Amino acid sequence: MAVDISKGYVNIPVGEGINLPAEIAKLKKEKNAIILAHYYQRDEIQDIADFVGDSLALAQWATKTDADIIVLCGVHFMGETAKILSPQKKVLIPDMNAGCSLADSCPADKFEEFIKLHPGYTVVSYVNTSAAVKAVTDVVVTSTNAKIIIDSLPADEKIIFGPDRNLGNYINSVTGRKMVLWDGACHVHEEFSVEKIIELKKKHPEAKVLAHPECKKVVLQMADFIGSTAALLNYSANSENKEFIVATESGIIHEMKRKSPTKLFIPAPPRDSTCACNECNFMRLNTLEKLYNCLKYELPQVQVEENIRLKAVKSIHRMLEISAKNGL
Ligand code: 13P
Ligand code: SF4
């Protein structure tokens with residue numbers, strides 16, 4: 001009987017009392033599979049992953065693993081990136097509904113129209129985009145390598161940057177470029193409240209504010225350090241400081257605490273204190289149950305049309321090459 005994935009994941013109840021981490025480890029071995037997880041995943045998924053990393057590291061892992069199956073515990077564009085780079089492998093994600101509001105803010109047809117309005121421009125896209133957007137992109141970036149990649153382009157190059165306006169503005173400010181920006185944003189990073197961070201600073205005057213460049217400019221202006229998830233993590237681990245207010249998706253705090261168990265990490269609050277808006281609802285769709293079923297039934301699989309893949313892979317390879325040349 002065909003397995004039902006009409007809901008976007010394998011919808012079969014997991015038997016009561018089953019030891020999911022142990023069963024997942026068994027399946028992984030049997031099937032020569034690897035589990036790659038983003039820092040924003042639920043703690044229990046990070047704990048059993050073979051590798052936990054930022055968007056750049058996940059893409060790099062997808063190119064170097066010799067596993068037959070990659071289970072990408074993250075959001076859909078991360079699964080697509082792995083599939084684009086490793087088309088011969090089976091790439092699974094536990095829940096296909098794990099999208100991304102930032103990627104959704106940039107539909108490929110509209111982005112193409114935007115590109116046509118700017119002939120002669122080089123198109124740079126953040127990795128948080130669909131495969132179809134990457135296919136019309138000259139070079140992909142992540143928040144770890146965006147500055148290095150923009151700096152590597154000739155000073156007079158005219159550049160379109162999409163889809164994140166906050167990251168784009170930030171990169172313009174640190175590179176002195178005047179990139180034309182697509183007007184997109186992430187619903188999690190847009191929500192952090194300056195007022196509430198100021199309140200927290202009153203209670204914790206020694207705390208350093210760490211912010212992801214997807215945050216709004218007003219939040220970035222009050223940050224002691226701005227960087228990708230991996231950069232924020234390294235900063236917190238290497239800093240002498242003992243307290244941090246963390247303005248990015250709160251899942252990163254799991255790894256921050258693991259690396260620095262004696263330090264205090266306070267999630268920056270969203271504007272609306274009645275919601276958990278500093279958690280990415282898409283990232284949290286992946287659960288241990290769905291991960292177990294996905295590995296057991298090898299469903300759902302990420303697919304990318306071959307004509308799109310062949311174009312998208314060029315812009316991702318260009319990113320990986322520039323990163324490698326710069327020691328990333
Ligand atoms: P990085 O992991 O590249 O910092 O990106 C954060 C993000 O928004 C992933 O969705
Ligand atoms: Fe997308 Fe924002 Fe979620 Fe990252 S945190 S996956 S950018 S919606």
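Just so it is clear, the structure is predicted and the values come from calculations on it, not from any experiment. We use all heavy atoms of the structure for the numbers below, so side chains are in, but hydrogens, waters and symmetry mates are not. Whatever order the structure lists ligands and atoms in, that order sets their numbers, starting from 1.
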For this session: Tell me yes or no: between the side chains of N97 and D95, is some donor less than 3.5 Å from an acceptor?
Result: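 Their side chains do contain a donor-acceptor pair, which is all the 3.5 Å distance test asks for.
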
For this session: Go through the side-chain N and O atoms of E249 and N278 and say whether any donor and acceptor fall under 3.5 Å apart.
Result: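 Absent: no donor and acceptor within the cut-off.
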
Does an N or O anywhere in [X] fall below 3.5 Å from an N or O of ligand 1?
X: S143; result: yes
X: T142; result: no
X: H212; result: yes

For this session: Take every heavy atom of H38, measure it against each atom of ligand 2, and state whether any distance is under 4.0 Å.
Result: no

Under 4.0 Å from any heavy atom of [X], which atoms of ligand 1 are there?
X: D54; value: 2 (O)
X: M78; value: 9 (C), 10 (O)
X: T229; value: 1 (P), 2 (O), 4 (O)

Salt bridge between [X] and [Y], side-chain N to carboxylate O under 4.0 Å?
X: R258; Y: E255; answer: yes
X: K216; Y: E190; answer: no
X: R318; Y: E321; answer: no

Ligand 1 contact by [X], heavy-atom criterion under 4.0 angstrom:
X: Y126; answer: yes
X: E249; answer: no
X: T144; answer: no
X: Y40; answer: yes

Problem set entry | Option of least heavy-atom distance to atom 3 (O) of ligand 1 (set: G53, A146, A103, S55) | S55

Exercise. Which protein N, O or S atoms lie under 2.8 Å from atom 3 (Fe) of ligand 2, given by chain and residue number?
Worked result: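 As for protein N, O or S atoms lying under 2.8 Å from atom 3 (Fe) of ligand 2, they are C280 SG.
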
For this session: Could you walk me through whether F282 and H187 pass ring-ring contact (aromatic ring centres under 6.0 Å, His included), step by step?
Result: CA-CA 11 Å; F282 297 114; H187 73 299; 5.7 Å; yes

Problem set entry | Centroid-centroid distance, F114 to W182, less than 6.0 Å |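 For F114 and W182, the ring centres are under 6.0 Å apart.
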
Exercise. Is the distance between the ring centroids of F192 and H212 under 6.0 Å?
Worked result: no

Problem set entry | Distance filter under 4.0 Å to E214 heavy atoms, resulting ligand 2 atoms |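 Per the distance check, 7 (S).
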
For this session: Spell out, yes or no, whether I93 and Y297 are grouped together once hydrophobic residues are joined by side-chain heavy atoms under 4.5 Å, including indirect joins.
Result: no

For this session: Can you sort out the partners of D47 under salt bridge (Lys or Arg N to Asp or Glu O under 4.0 Å), two or more places apart, ordered by chain and number?
Result: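 So D47 forms no salt bridge (Lys or Arg N to Asp or Glu O under 4.0 Å) with any residue.
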
Problem set entry | Per-residue contact class, L102 against ligand 1 - non-hydrogen pairs under 4.0 Å | neither

Problem set entry | Candidate pair E306 and R309, rule salt bridge (Lys or Arg N to Asp or Glu O under 4.0 Å), full reasoning | CA-CA 5 Å; E306 187 60 4; R309 192 193 73 78; 2.9 Å; yes

Exercise. Is the NZ or CZ atom of K208 both under 6.0 Å from the centre of the six-membered ring of F244 and within 45° of that ring's axis?
Worked result: no

